[in-house]
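First up is the structure itself, then whatever we jot down about it.
One-based numbering, in listed order, for ligands and for the atoms of each. Below, all heavy atoms of this structure are taken into account, side chains as well, without hydrogens, waters or symmetry copies.
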Amino acid sequence: MKLLSGSDADIRRAAGAIRAGCLVVFPTETVYGLGADTFNPRALAKVFEVKQRPLFDPLIVHIAGLDALDRIADLALLTREGRERLDLLAASLWPGPLTLVLPKKSAVPELATGGLKTVAVRFPDHPLAQKLISASTGALAAPSANPFGYLSPTRTEHVLDQLGDKVDYIIDGGKLRVGVESTVLDLSSPLPRILRPGGVSQDDIEKIIGTVEGPETRTNVIAPNEADPNTADKSPLSPGQLKSHYAPRTTLFVYAPDKMQNLAYNSRAAYLFFDGPSRDRWLGHSGPKNLSPEALPNIRALSESGDIQTAAANLFALLHELDDSGYEAIHAETAPPSGLGPAINDRLFRAGA
Ligand code: AMP
Ligand code: MG
């Protein structure tokens, strides 16, 4: 494995590797992706092997311009309304953290779509992702660059730890802006439906195309992450929707804010609050006595000020850090349910599923 910068020479090198059927980890605005040439089934097979991802779990095809859409999606199979929705969403939310599920062109290998007749497409807005896609084959199939079922990487160190010896190149893009995966929206059926909440909120989508069906929501807590991903739903509608996904190794419990406030302190556990005020309230009554917050690496907040975007951007990095610190358990508080809140909570519930 070689770590690359975003220099033009490095991008050319990585693009050559993609064309030669190798795997390149690249930054996007959401999480790091494990990229391969969409049209090379052998390269796709390597992605599944490296990630140990089940073959029924389809990849997202990343493009760097709308002209590439035609090579991947069979737009003639969309209804007129579907076509209009696609045009409107592409015009206002692409490039960005929105993945659209569309009818697939037969040139896209089945392996990329988990055998489905539809394909998931995204136009990321990270400049290095765009450069790599354009300089290679114009269509990179890429899941998140983590072993299946484990936390998505938002920093190169996460990738190095998890897949470092198994990929050819990693392009370093530093810390990523959004930090949770893209929203997956199905446009292939008559009623558009969010299959996975993510970096674009349902509100933002509805402002543009009107009502969409929301994702299956998980409201209440509070189970440890002992579910085995292999015995969870065998053929989920949107396969990333397996109950246990994004899981840390440490047992994670998720609580509504009022429940979190009542948790008794245990110095061998970690506590992940949504914001600073919530953490401080807890420190005021249930938390450890006589300890300053700075002295406690196991008591954290996703965003000090409660900014939902900062919270999303920090989510996986904080879970990684707490997971690596050997705590007995991680106790996490849900985010407020607006904007990116549902995406954050979805990841927390799955991590704790
Ligand atoms: P990842 O890139 O690891 O975030 O995973 C991509 C996710 O996108 C999959 O796990 C699915 O949930 C979703 N997805 C990809 N292609 C399709 C498709 N054709 N239909 C429904 N969901 C899809
Ligand atoms: Mg993933």
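- In this structure, Tyr265 has its ring center closer than 6.0 angstrom to the ring center of Tyr271.
- Considering backbone and side-chain N/O of Thr113, none are found under 3.5 Å from N/O of ligand 1.
- For the Mg ion (ligand 2), the N/O/S atoms of Ser144 include one lying under 2.8 Å.
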Arg122 and Thr28: side chain to side chain donor-acceptor pair (under 3.5 Å), yes or no, with the steps? CA-CA 11 Å; Arg122 180 162 106 79; Thr28 76; 3.2 Å; yes
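- Contact record, Val24 with Ala17: CG2-CB, 4.2 Å, taken as the closest heavy-atom pair.
- Ligand-side atoms of ligand 1 in range of Leu195: 21 (C), 22 (N), range being under 4.0 angstrom from any heavy atom.
- Listed by number with element, the atoms of ligand 1 under 4.0 Å from a non-hydrogen atom of Pro143 are 2 (O), 3 (O).
- A side-chain donor from one of Ser5 and Asp10 sits under 3.5 Å from a side-chain acceptor of the other.
- Applying the 4.0 Å criterion to heavy atoms of Ala142 picks out, from ligand 1, the atoms 2 (O).
- Near Ile60, meaning under 4.0 Å from one of its heavy atoms, ligand 1 places the atoms 2 (O), 6 (C), 8 (O).
- Considering Arg122, Lys117, Arg53 only, the shortest heavy-atom separation from atom 6 (C) of ligand 1 involves Arg53.
- Atoms of ligand 1 found under 4.0 Å from any heavy atom of Asp57, numbered from 1 in the order shown, are 9 (C), 10 (O).
- Look at Asp203 and Lys207 and you find no salt bridge, because none of the NZ, NE, NH1 or NH2 atoms lies under 4.0 Å from a carboxylate O.
- Interface atoms of ligand 1 facing Arg196, defined by a heavy-atom separation under 4.0 Å, are 1 (P), 4 (O), 5 (O), 7 (C).
- The ligand atoms of ligand 1 that sit less than 4.0 angstrom from a heavy atom of Ser144 are 1 (P), 2 (O), 3 (O).
- Every heavy atom of Ser182 sits 4.0 Å or more from the atoms of ligand 1.
- Remark: aromatic rings of Tyr255 and His331 are close, center separation under 6.0 Å.
- Distance check, rounded to the nearest 0.5 Å: CD1 of Ile133 to NE2 of His126 gives 11.0 Å.
- Using modelled atom types, one finds a donor on one side chain and an acceptor on the other under 3.5 Å when comparing Glu333 with Ser278.
- Interface atoms of ligand 1 facing Leu116, defined by a heavy-atom separation under 4.0 Å, are 18 (C), 19 (N), 20 (N).
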